[in-house]
2 protein chains.
Amino acid sequence: MDKVKQIIKDKGQRFTSQKKEILNVLQQKPQTVFEIYTAVNSKKNHMNKVTVYRILTSFLELGIVNKVQFNDKEARFELSNSGHHHHLVCEVCGLIEDIQLPENIFLKEVKNKTDFKIKSHSLEFFGICDRCQ
Amino acid sequence: MDKVKQIIKDKGQRFTSQKKEILNVLQQKPQTVFEIYTAVNSKKNHMNKVTVYRILTSFLELGIVNKVQFNDKEARFELSNSGHHHHLVCEVCGLIEDIQLPENIFLKEVKNKTDFKIKSHSLEFFGICDRCQ
DNA sequence: AGTATTATTGCAAACAGATTGCAATAAGTC
DNA sequence: GACTTATTGCAATCTGTTTGCAATAATACT
């Protein structure tokens, strides 16, 4: 949290209560704009939807959050402090679990097959989680 | 094309000139709604945007096309006759190349690490193509 | 080929998600 | 505590997508 605060201040921007709240909400899991908006408005305090959009856009530019797209679903925002990883998405309950994979196993394969210079990739799995089976 | 025609007719639906045109456009590469709409309207014949949406939705339901999402970019539609594959997306020119990978190499890895029952996955690569380097 | 049936198209309007302009507010500095 | 200015909230706007409905055209039948 303090690290994020520093990133914000270093850019001459302000660490407002709204930003703090959104950070708290994102601590739990990757969430859609709607989910974030709902979460920060459940209690007595109100936050405008426009503010949520603006803060998320700003966080994205500062590299504080990542935007992840699961197929044709809505985009989700996740804190980017946890390094590169992949996701397991439960198609029943919507649970999202992180997973780390040794990527060389397929990056090497790609290098053999094509002349593309790979910069990044996204790999997501869809299925049914332990609980929902 | 005749195969697609059969799928449509088997459902009691009609093989219209508009559907034919959209199929032709998709033959080239995966495209966004906007691109498809533009392509079918470049010539003298006009097609309403609503029609494009409706046909794409219908094709999606019939399994004639697939919807693919590349990160935070707009969704694209591609003909689904080519079986499961992955994509290489050039971040400079936007070229999209298909690639087949032996998937066991990472599916096995996932099975070892989690109790998720995997149903499907998406794997896309972003980088710079041969030409743009 | 001509006619009847009904899926499909085009248009206008509605809808939803995201963005912008601007005055009021509050974070950070002195 | 007062000042400066980034940020917020509100209203309005914009863009992408969907819906209702009458006109059109693809198919089946004679």
Side-chain angles (χ1 to χ4, degrees), chain A residues 1-2 4-25 30-62 64-65 67-77, chain B residues 1-2 4-25 30-62 64-65 67-77:
Chain A
M1 179 67 115
D2 282 340
V4 170
K5 185 169 176 177
Q6 206 46 54
I7 296 174
I8 292 172
K9 309 212 93 181
D10 285 352
K11 292 278 174 180
Q13 297 176 4
R14 293 173 185 178
F15 193 65
T16 63
S17 63
Q18 287 87 341
K19 290 178 186 173
K20 217 177 300 182
E21 261 194 86
I22 289 186
L23 284 170
N24 277 333
V25 168
Q31 284 169 91
T32 64
V33 173
F34 177 77
E35 287 169 337
I36 296 165
Y37 173 70
T38 307
V40 296
N41 276 304
S42 55
K43 331 169 199 176
K44 55 193 165 194
N45 40 350
H46 168 80
M47 193 186 312
N48 195 284
K49 201 180 279 188
V50 176
T51 303
V52 176
Y53 277 108
R54 281 197 274 227
I55 290 177
L56 288 174
T57 306
S58 151
F59 281 3
L60 209 51
E61 283 164 0
L62 297 177
I64 295 167
V65 299
K67 205 176 182 181
V68 279
Q69 274 282 4
F70 299 132
N71 267 351
D72 50 346
K73 299 255 189 80
E74 245 176 302
R76 287 166 182 278
F77 293 85
Chain B
M1 178 70 115
D2 283 341
V4 169
K5 186 170 177 178
Q6 206 46 52
I7 296 174
I8 292 172
K9 308 211 93 179
D10 284 352
K11 292 278 176 181
Q13 297 177 3
R14 292 172 185 178
F15 192 65
T16 63
S17 62
Q18 288 87 341
K19 289 178 186 173
K20 217 177 300 181
E21 262 194 85
I22 288 186
L23 284 172
N24 277 333
V25 169
Q31 283 167 94
T32 64
V33 173
F34 177 77
E35 287 169 337
I36 296 165
Y37 173 69
T38 306
V40 297
N41 276 304
S42 55
K43 329 168 201 178
K44 56 192 164 194
N45 40 349
H46 169 81
M47 192 184 313
N48 195 285
K49 200 180 281 189
V50 176
T51 304
V52 177
Y53 277 107
R54 279 197 275 228
I55 289 177
L56 287 173
T57 306
S58 151
F59 281 2
L60 209 51
E61 282 165 1
L62 297 177
I64 294 166
V65 299
K67 205 176 184 180
V68 280
Q69 275 281 4
F70 298 132
N71 266 352
D72 51 347
K73 299 254 190 82
E74 245 176 301
R76 288 167 181 277
F77 293 85

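These values consider heavy atoms only, across backbone and side chains, with no hydrogens, waters or symmetry-generated copies.
Gln18(A) contributes no side-chain N or O that, together with a main-chain N or O of Thr51(A), makes up a donor-acceptor pair within less than 3.5 Å.
Across the protein-nucleic acid pair, Gln13(B) atom CD and dT27(D) atom P stand 11 Å apart, rounded to whole Å. A straight line from CG of Leu60(B) to C1' of dT18(D) spans 15 Å, rounded to a whole angstrom. Look at OH on Tyr37(A): it is 15 Å from P on dT8(D), rounded to the nearest Å. As a whole-Å value, the separation of His46(A) NE2 from dG9(D) P is 6 Å. Remark: P of dA26(C) and NZ of Lys19(A) are 15 Å apart, rounded to the nearest angstrom. Atom NZ in Lys9(A) sits roughly 5 Å away from atom P in dT29(C) (whole-Å rounding). Rounding to whole angstrom units, CE of residue Met47(B) and C1' of dC11(C) are separated by 16 Å. Look at CG on Asn48(B): it is 13 Å from C1' on dA23(D), rounded to the nearest Å.
With a 4.5 Å cut-off on side-chain heavy atoms, Ile8(A) and Arg14(A) do not count as touching. Side-chain contact between Val40(B) and Ile22(B) is present, with heavy atoms from C-beta onward closer than 4.5 Å. Residues Thr32(B) and Tyr37(B) have side chains not in contact (no heavy-atom distance under 4.5 Å, counting atoms from C-beta outward). In this structure, the side chains of Leu62(A) and Val4(A) stay at 4.5 Å or more apart for every pair of heavy atoms.
Comparing Ser17(B) and Val33(A) against DNA chain C, the residue whose closest nucleotide sits nearer the 5' end is Ser17(B). Between Lys5(B) and Arg54(B), the residue whose closest nucleotide on DNA chain D is further toward the 5' end is Arg54(B). Where Val52(B) and Gly12(B) each meet DNA chain C at their nearest nucleotide, the meeting point lying more 5' is that of Gly12(B).
Contact annotation: Thr51(A) side-chain N/O to dG9(D) OP1/OP2 distance is under 4.0 Å. Regarding contacts with the backbone of dG10(C), a side-chain N or O of Gln18(B) is found under 4.0 angstrom from either OP1 or OP2. Taking 4.0 angstrom as the limit, Thr16(B) places none of its side-chain polar atoms (N or O) nearer than this to OP1 or OP2 of dA7(C).
Within the nucleic acid shown, Lys49(A) has no heavy atom closer than 4.0 Å to any nucleic acid atom. Across all strands, Phe15(A) comes closer than 4.0 Å only to sugar-phosphate atoms, never to a base (heavy-atom distances).
Checking dT19(C), dA7(C), dT5(D) against every side-chain atom of Arg14(A), the shortest atom distance belongs to dT5(D).
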